[in-house]
There are 2 protein chains.
Amino acid sequence: MEPEKVRAPNIRDVARLAGVSYQTVSRVLNNSESIKPSTKERVLEVIEQVGYRPNQAARALVTSRSRTIGVLTSQTAHYGPTTSLHAIEDAAREAGYLVSTTSLATSGYESITDRLEHLISQAVEGLVVIAPQVKVFDAIRELDIRLPLVTLDSTRRDDQRSLSVDQIAGARLATRHLIELGHREIVHLAGPQDWIEAEARMRGFLDEINDADLGTHPPILGDWTADFGYHVGNELVHSRNFTAVFAANDQMALGLMHAFRDAGLDVPGDVSVVGFDDIPEAAHYWPPLTTVRQDFTEIGRRSVALLLAELRGEADRNHDQILPELIIRESTAPPRR
Amino acid sequence: MEPEKVRAPNIRDVARLAGVSYQTVSRVLNNSESIKPSTKERVLEVIEQVGYRPNQAARALVTSRSRTIGVLTSQTAHYGPTTSLHAIEDAAREAGYLVSTTSLATSGYESITDRLEHLISQAVEGLVVIAPQVKVFDAIRELDIRLPLVTLDSTRRDDQRSLSVDQIAGARLATRHLIELGHREIVHLAGPQDWIEAEARMRGFLDEINDADLGTHPPILGDWTADFGYHVGNELVHSRNFTAVFAANDQMALGLMHAFRDAGLDVPGDVSVVGFDDIPEAAHYWPPLTTVRQDFTEIGRRSVALLLAELRGEADRNHDQILPELIIRESTAPPRR
DNA sequence: ACGAGAAATGTGACCGTACACATGATCGTC
DNA sequence: GACGATCATGTGTACGGTCACATTTCTCGT
């Protein structure tokens, strides 16, 4: 006849056992100033003893603060976004926030709004978007979201709410490196065009090409995968009207090098290849990949700082873009005459 | 003199505007059966019009169901865990659940209990642990967590709550492949020993070696990174008392091959290398890597299914382990005589 | 036309917390 | 030793839903 489900202790249970009012317990929980140390101690003892845990739902209900930030990611397991996500979680944890992640399903537009709705209905206090795809921003705009929001997006420098490594500068760095080596026929293997980063890298590439008064073939639009790079590489070897390729990420660069090797071409002897991201494996590819390093961890960390500042109403504006860095390894060399 | 902060509409606002009681609105929200279609429609119209969103905190408070599952991950951005995580999110979404992720900080034990506390205080309904480290399970045991919990852990087959690709079988597959090629001196580069998977792979390796009546050197304990594999490779080339290496993941295998190449050794001519995981890049390494494929997505999906079944009190026990598969590429060959 | 039973809808209480405010205890001061 | 100021603690209420139960409205057979 015992009660099947014992109710978890609540604030009043604690109060009763400690011989104080529930409000006093609440004060202890929220580190209120005016609490006699002895009673505080007594209350904490009881809390420990009965294993009391404040109910966040109740707390969220009354304060309308969930202490949760929402993160919207793309469904793909890329190194960059993943690394940033971890940094975000770390930073959020340190600030006492929890992170609710939600990834975009493969499908289209409704999926995004659906995800955003879901996140909002959980009363997240702010949003970090690390799936910088154009359609995501369309969805955000359409939903008229009033939440503080930070996006990892390099194209809107004026916007207070975005933060990123300067992708354009990075792409220029990579391209300039090739040009300085003497390459004149450079192909760009870009990322999916609805990715804002992909577009920025492509723009940086084209800008640099223009500034050097060079022509180029229209960039090839890829999907970030090594497989795709491999396929593109297999196509490219037929024409051979280029001496270097700038790939929009390291994985595609890897696939390219694979295809070139299959075709009997030497990298960098016959073709130079540059990647982007500097994932930890890039140094161990064959040949070790020249690439553009960006600090995904720093990005993640800062995005949370920015978001929290906005939540507090501060204007932390630590907005200087983070600069990418060119890492020269062995996949690039002057073109063979 | 207008109100600064307009309160979000609540269920009673909707009820008033629709000319019904709040309970009727509640019924509409929960798809109750006995609701006249016409009133349902009217209510939905009002909801749409005023942009009403049910407050999950309030709902969670009264039902003590948060519709959230918590995921505990390691802080490292490895391909496998990340892929599983995405699958978990997908599956959770489909079931109407949200996922709260929390990653383990680098630090030690308190960090884990702290994270678990945090997750629990958010009233997650269940837990998925994809950071299968021994200390995590210690923490879980110590905290005496009563939540439904699923772990991606291969060592406790009897336990109802774990689910995994059979790591031991995978390691045996890889090892047997080398043995069948004629290798007798095989080195194992293992993962960190507090990782349950690493330990399982090592056990599989040793079991297979024993069954073949071979001796082996004590496995080298690594940290999963390509950098580490590279360092180990640089050491190994001094002794040369082996003809093959089985690395506990693909990244370390990559580093190894890099070091071997640096030393002028041919893979697979002089040394065969096998990896584990079959990450998407493995096929494009040089040489393309022979490895053991495991379906991280399937694992993630199933873990959610298992968890939800447990939440519903069903006994879905779909427990057959998922079998890994050996993918033979070009990094393995018979030993040179 | 009437009443029974089902269908549709309404009412009161409660979930666990924080906030505003009220009250009681303590203390230095003249 | 009475007094206001300050510190410590207690009381009422609201947050936005759901649940159990009460009530009204509809449907249909006799």
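Residue numbers start from 1 in every chain, and the chains themselves are labelled A, B, ... in the order their sequence lines are given, proteins ahead of strands.
Within the 4.0 angstrom heavy-atom criterion, only backbone atoms of the sugar-phosphate kind lie near B/R53; the bases stay farther away. Within the 4.0 angstrom heavy-atom criterion, only backbone atoms of the sugar-phosphate kind lie near B/T24; the bases stay farther away. Contact annotation for A/T39: backbone-only contact, meaning every heavy-atom pair under 4.0 Å involves sugar-phosphate atoms and none involves a base.
Residue A/E298 qualifies as enclosed at atom CD: its count of foreign heavy atoms under 6.0 Å is above 12.
One interatomic measurement links the two molecules: CZ of B/R27 to P of D/dG17, which rounds to 16 Å at whole-angstrom precision. Here the C1' atom of nucleotide D/dA8 and the CZ atom of A/R42 are 12 Å apart, to the nearest Å. Rounded to whole Å, the distance from CD1 on A/I11 to P on D/dG10 is 12 Å. Rounded to an integer number of Å, the gap from CG of A/N55 to P of D/dC15 is 18 Å. One can place CZ of B/R59 at 8 Å from C1' of D/dG17, the figure rounded to the nearest angstrom.
Comparing B/V62 and B/Y22 by the nucleotide of DNA chain C whose heavy atom lies nearest to each, the residue mapping closer to the 5' end is B/Y22. Checking A/I35 against B/P9, the closest nucleotide of DNA chain D that is more toward the 5' end is the one next to A/I35. Residue A/Q23 is the one, among A/K36 and A/Q23, whose nearest nucleotide of DNA chain C lies closer to the 5' end (criterion: closest heavy atom).
Using a 4.0 Å cutoff to heavy atoms of chain B, the contacted part of DNA chain C runs 5' to 3' from C/dA8 to C/dG16.
The base of D/dG17 is paired with the side chain of B/R12 by a donor and an acceptor separated by under 3.5 Å. In this model, no side-chain donor or acceptor of B/Y52 finds a partner on the base of D/dG17 within 3.5 Å.
Between B/N30 and D/dT18 there is a side-chain polar atom (N or O) within less than 4.0 angstrom of OP1 or OP2. For D/dG10, one of the phosphate oxygens OP1 or OP2 lies less than 4.0 angstrom from a side-chain nitrogen or oxygen of A/S21.
With rounding to the nearest 0.5 Å, the separation of CG in B/L98 from CZ in A/R115 is 7.0 Å. With rounding to the nearest 0.5 Å, the separation of CD in A/E199 from CG in A/D194 is 10.5 Å.
Side-chain contact of B/T101 with A/T101: a donor-acceptor pair under 3.5 Å is present, judged by distance alone.
A salt bridge is defined here as a Lys NZ or Arg NE, NH1 or NH2 lying under 4.0 Å from an Asp or Glu carboxylate O, and B/K135 with B/D138 fails to meet this definition.
The two residues B/A92 and B/I69 make their nearest non-hydrogen contact at CB-CD1, 4.0 Å.
Under a 3.5 Å cut-off, the side chain of B/R301 and the backbone N or O of B/A91 do not form any donor-acceptor pair.
Comparing D/dG16, D/dG17, D/dT9 against the side chain of B/L61 picks out D/dG16 as the nearest.
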